[in-house]
*Asks:* 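Mind looking over this structure? Questions follow.
Side-chain atoms are counted along with the backbone in the values below, which use heavy atoms only and exclude waters and symmetry mates. Below, read A as the first sequence line, B as the second, and so on, with proteins coming before strands; counting in each chain starts at 1.
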Amino acid sequence: MPELPEVETVVRLVRPKLVGRRIEGATVYWPRTVGDQGPDAFARSIEGLRAVRIWRRAKYIVVDLERRGRAAGHLLIHLRMTGRLQVDPASSDGGKYVRVELALDRGKTLRFIDVRKFGRFEYREDLTGVFERIGPEPLDGDLDAAQFSRELRARQRQLKPLLLDQSFLAGLGNIYVDEALHRAGLHPLRRSDRVPGPRARRLFDEIQATLREAIRREGSSFDTFYRTPEGQPGSYQHQFRVYGRQGRACRACGRTVIKIVVGQRGTHLCTRCQPAPRVL
DNA sequence: ATCCTATCCTGGCTGC
DNA sequence: TGCAGCCAGGATAGGA
């Protein structure tokens, strides 16, 4: 599922194809995708605008728009489970899951494709409040290992749900939380305030290492969903230590990887590398 | 403060 | 082969 590394990959690969393009028109095939504004207002809002920048915050993609050189709002995009964003020749076939399509100049089209329809592709005049409840970026120097350790101590929550909480730390999802916890030797049910400082700092380092490596490999593709905007799968799934490896040997110690449910989320771990806390 | 449940969706899987 | 039923999963809202 698209998490920080996948979203970052999409932004990087779409950027050269989208920046500088003018939006000639919009077609909405699934109204909910464009949010409360509705398809007609959405189309009127963005027609004639030019995409001048594309960037990522948490798992959101933002496209800055201008009209005649003046700021004119943003596209606010979230891929959720199965969303894809790609710039194609206008003549190509986007398939049956295209939810929003923007006609661009120079014979191109920007497509938002989303099998499960959870994704969003909205227009916002401004971004006030949008990232109000989003926590620090793990790779942007927003915080260091020592600060992260203090933040862990300030909460009394299980590590897995805490790391999934976007208001605590931005960008992690089910895959990279499981991977980072295994690399740090921490059980997903451990309480955040009971992790010793050095181990907490190591967790931060492992989160960063996991994300950086995954970006380098253009994300993870283990099912039919996530693909880069070029249509290629990422390759980080080959590096998974625990995610989806239940019943197979832990790469570090050989014990069988198990899958449990934590906060209604499938959770993969090795009970030797990640010993259970005394108090559950 | 923290946890739990429901909601939004559909392809793919299991079991009969 | 067909079909019903279940499941995953990011974010959010509402209730405990």
Side-chain angles (χ1 to χ4, degrees), chain A residues 1-10 28-36 38 56-62 76-85 94-100 112-122 124 127 129-135 137-138 150-180 188-195 211 214 219-227 233-234 237 240 242-247 258-268 277 279-280:
Chain A
M1 309 300 132
E3 305 179 25
L4 189 154
E6 289 76 26
V7 178
E8 180 65 27
T9 299
V10 169
V28 177
Y29 297 98
W30 186 257
R32 287 187 69 107
T33 301
V34 299
D36 296 336
R56 177 192 64 77
R57 172 76 170 100
K59 299 174 200 169
Y60 289 89
I61 298 168
V62 180
L76 180 65
I77 302 162
H78 200 299
L79 305 175
R80 293 285 182 102
M81 312 297 302
T82 56
R84 292 175 58 174
L85 192 67
K96 60 196 274 205
Y97 304 116
V98 178
R99 307 304 180 194
V100 178
F112 185 70
I113 297 168
D114 186 20
V115 171
R116 290 189 189 161
K117 302 177 175 175
F118 282 13
R120 290 295 176 262
F121 190 108
E122 305 181 7
R124 298 292 176 94
L127 298 175
V130 170
F131 302 123
E132 214 166 53
R133 286 149 67 179
I134 300 291
E137 285 290 326
R150 284 194 290 276
E151 293 293 336
L152 273 194
R153 197 165 301 264
R155 319 278 188 113
Q156 298 93 49
R157 295 181 62 184
Q158 296 172 340
L159 287 175
K160 168 116 185 193
L162 180 59
L163 293 177
L164 285 174
D165 185 341
Q166 300 299 297
S167 70
F168 179 75
L169 187 67
L172 292 178
N174 210 36
I175 295 171
Y176 296 109
V177 167
D178 283 5
E179 291 297 307
L189 295 175
R190 273 280 277 276
R191 269 179 49 157
S192 60
D193 57 338
R194 294 185 186 161
V195 178
L211 294 174
S220 308
S221 304
F222 51 89
D223 55 25
T224 56
F225 295 124
Y226 171 71
R227 292 292 182 275
Q237 66 277 10
F240 286 169
V242 287
Y243 187 85
R245 299 192 72 249
Q246 62 271 23
I258 62 166
K259 181 177 183 182
I260 63 175
V261 176
V262 179
Q264 297 134 291
R265 312 303 295 282
T267 299
H268 313 75
V279 190
L280 272 178

*Asks:* Is there a donor on the side chain of A:R155 or the base of B:dA1 sitting less than 3.5 Å from an acceptor on the other?
*Replies:*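 Absent.
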*Asks:* Is the distance from OP1 or OP2 of B:dG11 to the nearest side-chain N or O of A:Y97 less than 4.0 Å?
*Replies:* yes
*Asks:* Find the distance A:R99:CZ to B:dT10:P and express it as a whole number of Å.
*Replies:*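 Between P of B:dT10 and CZ of A:R99: 7 Å.
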*Asks:* Would you indicate whether the side-chain heavy atoms of A:D114 and A:T33 approach each other to under 4.5 Å?
*Replies:* no
*Asks:* Between A:Q264 (CD) and B:dT2 (C1'), how many Å, whole number?
*Replies:* 14 Å
*Asks:* Applying a 4.0 Å non-hydrogen cut-off, can you work out what A:R80 is touching in the nucleic acid: base, sugar-phosphate, or nothing?
*Replies:*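 It contacts base atoms.
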*Asks:* Of the nucleotides C:dG9, C:dT12, B:dT2, which one has an atom closest to the side chain of A:Y60?
*Replies:* C:dT12
*Asks:* How long is the line joining CG of A:D36 and P of B:dC8, in whole Å?
*Replies:* 15 Å
*Asks:* Measuring from the side chain of A:R133 (C-beta onward, heavy atoms only), which nucleotide among B:dG11, B:dT2, C:dA13 has the closest atom?
*Replies:* C:dA13
*Asks:* What heavy-atom pair brings A:E3 and A:N174 nearest, and what distance separates the two atoms?
*Replies:*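 For A:E3 versus A:N174, the nearest heavy atoms are OE2-N, 3.3 Å.
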*Asks:* Measure the acute angle between the ring planes of A:F131 and A:Y60, then classify it against the limits of 30° and 60° as parallel, tilted or perpendicular.
*Replies:* perpendicular
*Asks:* Does A:R32 put a side-chain nitrogen or oxygen below 4.0 Å from OP1 or OP2 of B:dC9?
*Replies:* yes
*Asks:* Mapping A:V261 and A:L164 to their closest nucleotides on DNA chain C, which lands nearer the 5' end?
*Replies:* A:V261
*Asks:* Return the nearest nucleotide to the side chain of A:V115; candidates are B:dT10, C:dA11, B:dT2.
*Replies:* B:dT10
*Asks:* Can a side chain N or O of A:Q156 be found less than 4.0 Å away from OP1 or OP2 on B:dT2?
*Replies:* yes
*Asks:* Return one dot-bracket line describing DNA chain B 5' to 3' (Watson-Crick or G-U wobble pairs, both distances under 3.5 Å; ( ) same strand, [ ] crossing, | another strand, . none).
*Replies:* .|||||||||||||||
*Asks:* If only side-chain N and O atoms of A:Y243 are considered, is one of them under 4.0 Å from the OP1 or OP2 phosphate oxygen of C:dG9?
*Replies:* yes
*Asks:* For A:L162 versus A:R155, what's the shortest heavy-atom pair and its separation?
*Replies:* CD1-NH1, 4.0 Å
*Asks:* Flag as yes if A:F118 stacks onto the base of B:dC8 (centroids under 5.5 Å, planes under 30°), otherwise no.
*Replies:*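 So A:F118 counts as stacking on the base.
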*Asks:* How about A:R57 and A:L127: do any of their side-chain heavy atoms sit closer than 4.5 Å?
*Replies:*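 Answer no - side chains too far apart.
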*Asks:* If you look at every heavy atom in A:A58 and A:Q166, which pair is closest and at what distance?
*Replies:*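 So the minimum-distance heavy-atom pair works out to CB-OE1, 4.4 Å.
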*Asks:* Does C:dA11 have OP1 or OP2 under 4.0 Å away from a side-chain N or O of A:Q166?
*Replies:* yes
